[in-house]
Trainee: 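Take a look at this one; I'll ask things after.
No hydrogens, no waters, no symmetry mates; every other heavy atom, side chains included, goes into these values.
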Amino acid sequence: MSGRTTALTPPEGAVPPVRHPDAPAPGETIGSHYEYCFGCGPGVPHGLHVEVRAGEGVGVSAEFRVKEAHQGAPGLAHGGVLATALDETLGSLGWMLRVIAVTGRLETDFLLPVPVDTVLHLQAEVKAVHGRKIYAAATGRIGGPKGPLALRAEAVFVEVKVDHFIENGRPAEIQATLANPDQVKVARAFEVNP
């Protein structure tokens, strides 16, 4: 267990995060980075459709409504779906740093059951940066941003280059994305991927 905690603790030499000057303004909706992203994309009917907003500093807030398709036990959210909502929110922190990063490690604590039709209020912030590693934490609350704490997570994201997606993604989706005449959508698809 101590190895898990150590892996999520920023090492000596880690530096405080710095919000990029081109990061979205506090309160601004970040929007989906890719239409078919299960976490935020509008093109996935049973996806999570997590709505993320830029926060102060190097943080974000998000909302996720638990739907019937997200059940694990009768009337309750599936733990993997809740972890995915946290991961999506944490992944959006890349917009605050203006880096492309992927999840390297995600450790989640489930504290309360989350019923279907609940709006989960998520907060995430970058704690430190060390080389290509980004150390972050997130919480999920029921009933409002100050409601009961239902889940929390710590994560390490790893900065990557766009080649990571081009070389490892399924060729059909990569080619379709690169062929899109809307170059802003092409860039966004590869900018942040939780």
Trainee: Any sub-3.5 Å donor-acceptor pair from T84's side-chain atoms to G80's backbone N or O?
Mentor: yes
Trainee: Check this for me, if you would: do R98 and D22 make a salt bridge, where the nitrogen-to-carboxylate-oxygen distance has to be below 4.0 angstrom?
Mentor: no
Trainee: With side chains defined as the heavy atoms from C-beta onward, is the minimum distance between E125 and V58 less than 4.5 Å?
Mentor: no
Trainee: Atom CG in L86, atom CZ in F110: separation rounded to 0.5 Å?
Mentor: 7.5 Å
Trainee: Would you please test V160 and R132 for side chain to side chain contact (heavy atoms under 4.5 Å, CB included) and show each step?
Mentor: CA-CA 8 Å; V160 296; R132 293 176 44 224; 4.2 Å; yes
Trainee: Is the shortest side-chain heavy-atom distance between L120 and E63 below 4.5 Å?
Mentor: no
Trainee: Just by modelled atom types, is the H46 backbone N or O under 3.5 Å from a matching donor or acceptor in the H70 side chain?
Mentor: yes
Trainee: Write down the atom of M96, the atom of G57, and the distance for their closest heavy-atom approach.
Mentor: SD-O, 4.5 Å
Trainee: Looking only at heavy atoms, what is the nearest atom pair of A155 and L90, with distance?
Mentor: CB-CD1, 3.9 Å
Trainee: When you look at C40 and E51, which way does the side chain to side chain contact (heavy atoms under 4.5 Å, CB included) test go after all the steps?
Mentor: CA-CA 7 Å; C40 66; E51 295 179 17; over 6 Å; no
Trainee: What I'd like to find out is whether the side chain of T89 reaches to under 4.5 Å of the side chain of V60, using heavy atoms alone.
Mentor: yes
Trainee: Nearest heavy-atom pair of G39 and L48: which atoms, and what distance?
Mentor: O-CB, 3.5 Å
Trainee: Please answer whether the main-chain N or O of R105 pairs with a side-chain N or O of T103 as donor and acceptor at a distance below 3.5 Å.
Mentor: no
Trainee: Using 0.5 Å steps for rounding, measure from the CG atom of D109 to the CG atom of L151.
Mentor: 9.0 Å
Trainee: Assigning hydrophobic clusters by single linkage (Ile, Leu, Val, Met, Phe, Trp, Tyr; side-chain heavy-atom cutoff under 4.5 Å), is V99 placed with W95?
Mentor: yes
Trainee: Donor-acceptor pair, R53 side chain versus S61 backbone, under 3.5 Å?
Mentor: no
Trainee: Heavy atoms only: give me the nearest S32-G41 pair and the separation to one decimal.
Mentor: OG-CA, 3.5 Å
Trainee: Roughly how far apart are L8 CG and K133 NZ, rounded to 0.5 Å?
Mentor: 10.0 Å
Trainee: Within the side chain of R65, is there an N or O that forms a donor-acceptor pair under 3.5 Å with the backbone of V119?
Mentor: no
Trainee: Start with the C-alpha distance between E88 and F38, add both sets of side-chain angles, then the distance that settles side chain to side chain contact (heavy atoms under 4.5 Å, CB included), and finish with yes or no.
Mentor: CA-CA 9 Å; E88 182 68 33; F38 181 75; over 6 Å; no
Trainee: Under 4.5 Å between any side-chain heavy atoms of I134 and V158, yes or no?
Mentor: no
Trainee: Does Y135 reach the side chain of P11, with side-chain heavy atoms less than 4.5 Å apart?
Mentor: yes
Trainee: Out of curiosity, R19 CZ to L93 CG, how far, rounded to the nearest 0.5 Å?
Mentor: 10.5 Å
Trainee: Taking atom CD1 of I100 and atom CZ of F157, what is their separation to the nearest 0.5 Å?
Mentor: 14.0 Å
Trainee: To check you understand the geometry: which heavy-atom pair defines the closest contact between A85 and F64, and what is its length?
Mentor: CB-CD2, 3.8 Å
Trainee: Does the pair L149 and T139 meet the rule for a side chain to side chain contact (heavy atoms under 4.5 Å, CB included), with working shown?
Mentor: CA-CA 7 Å; L149 184 62; T139 59; 3.7 Å; yes
Trainee: Closer than 3.5 angstrom, by distance alone: can the side chain of H49 be matched with the main-chain N or O of V44 as a donor-acceptor pair?
Mentor: yes
Trainee: How many angstroms lie between CZ in R141 and NE2 in H121, if you round to the nearest 0.5 Å?
Mentor: 11.0 Å
Trainee: Looking at A77 and V66, what are the two nearest heavy atoms and their distance?
Mentor: CB-CG1, 3.7 Å
Trainee: Under the 3.5 angstrom rule, does the side chain of E28 hit a backbone N or O of A25 as a donor-acceptor pair?
Mentor: yes
